[in-house]
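Written out below as structure tokens is the structure these notes cover.
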2 protein chains.
Amino acid sequence: MVEAEAVGVDLEIIVQGAHGRSKPELRLWLRMLSTTKLISQEIRRRLRAEFGATLPQFDLMAQLYREKDGLRLGELSKRTMVTNGNVTGLVERLEADGYVQRVTPQGDRRVTVAKLTEAGVTLFAAMAAAHEGWLQDMMADIDPDAVAALWSEIGTVKASANNHLSGAAFE
Amino acid sequence: MVEAEAVGVDLEIIVQGAHGRSKPELRLWLRMLSTTKLISQEIRRRLRAEFGATLPQFDLMAQLYREKDGLRLGELSKRTMVTNGNVTGLVERLEADGYVQRVTPQGDRRVTVAKLTEAGVTLFAAMAAAHEGWLQDMMADIDPDAVAALWSEIGTVKASANNHLSGAAFE
DNA sequence: CACGAACCTTTGACATTTCAAATATCTGCT
DNA sequence: AGCAGATATTTGAAATGTCAAAGGTTCGTG
């Protein structure tokens, strides 16, 4: 292949960006992403080690835990930010494990409602307590005021992102 | 798809429940997580729509772009925070598409080094430019000072989490 | 120089992920 | 009634993700 020197010039600029001189927004994003990944992986490891559960399962059960009457799969999909097809599989496996049960309500046979079983409630309660402890542990070195401030600041990030999605979304 | 009500529902609100009684650390975590997820999904959509690429591919190519001499797969694994086995498959597919090439160096036949091809460099340069623009766009509503401040604050979060991992890990 | 320990990557079994297409059901309008 | 269109879920293909075990390869030390 021919050496593309003309391209190389433009690329250098971008490379520089990737290194140290990038736009603040990009730097912020990369740091948010790596931090979130780091914490997520730690939580996943511990969920697996101590409860034999996965993070998506935990998330899904969290939703059902606060809706004792259960949730339609579509609702679950929105709340967990997971696609419909994915929810199907997740609920299937949780049902097979005995933590979730599926019901089709009288009025509308298109709908499937998932709710926690007794075993599911018990398991999730234990996981939730541990989960909260892990987070306090992992964030132990942060100034408490900074935690609250960050929560607020990240809210503006979220709002801004929400305002500039390509698809239609609002709030 | 013009739902009036359910669209506005927010992951955090659901998770935390009406009684915002959860610990600040948990609240912060949930907000970080949902925000990151929101932005990631948008980036993924756009990468797919405009370049036919996936986010993990973009991440992997970003690392290789910065190291013109290529990286060993283990190094790639660390930098992308992806497991070894996963890197194997990612590189395989990128190689099949002609964007990456694998070489086993002279000295050590255990090692595989991956590096971008010409086509890979060209593609990544285009994606990186777009990517940076998307982020500036999505973060357009945030006060510029806040962006820098957040970058710094999140650094302390990352450091704290890093300090309290169960396994041995570092930065 | 031989052998066990350490290192690097791949493989295999599963779970999760997305998107798009297919199913099934309900609703509104004629 | 009946049918088009909206809704809800499932299915299927492909990619990504983890972990654990298996393959080679190299290195240090007896």
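To find a chain, count down the sequence lines: A is the first, B the second, and so on, and within it residues start at 1. Owing to the predicted nature of the structure, the values given are computational and were not obtained by experimental measurement.
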Side-chain-base donor-acceptor pair under 3.5 Å for A:R110 and D:dT9 = no
Contact class for A:V87 (heavy atom, under 4.0 Å): base, sugar-phosphate, or nothing?
-> nothing
Mind checking A:N84 for me? I need base, sugar-phosphate or nothing, with any heavy atom below 4.0 Å counting as a touch.
-> base
When all nucleic acid strands are considered with a 4.0 Å heavy-atom cut-off, which category describes A:R72: base, sugar-phosphate, or nothing?
-> sugar-phosphate
Have B:E42 and A:S166 got a donor and an acceptor in their side chains that come within less than 3.5 Å?
-> yes
For B:L55 and B:S40, the nearest pair of non-hydrogen atoms, with its separation, is CD2-O, 4.1 Å
Check step by step if ring-ring contact (aromatic ring centres under 6.0 Å, His included) holds for A:F124 and A:Y99.
-> CA-CA 9 Å; A:F124 180 77; A:Y99 299 126; over 10 Å; no
Sugar-phosphate, base or nothing in reach of A:T83, heavy atoms under 4.0 Å = base
Looking across every strand, which nucleic acid part, if any, lies under 4.0 Å from B:T88 by heavy atom: base, sugar-phosphate, or nothing?
-> base
A:L90 near the nucleic acid: base, sugar-phosphate alone, or nothing, with a heavy-atom cut-off under 4.0 Å?
-> sugar-phosphate
Separation of D:dT10 atom C1' from A:R93 atom CZ, nearest Å, is 13 Å
Note: B:I142 and A:S160 closest approach over all heavy atoms is CG1-CB, 3.9 Å
Does B:R102 put a side-chain nitrogen or oxygen below 4.0 Å from OP1 or OP2 of C:dT10?
-> yes
Under 4.0 Å between any heavy atoms, over every strand shown, what does A:G74 touch: base, sugar-phosphate, or nothing? Just pick one.
-> sugar-phosphate
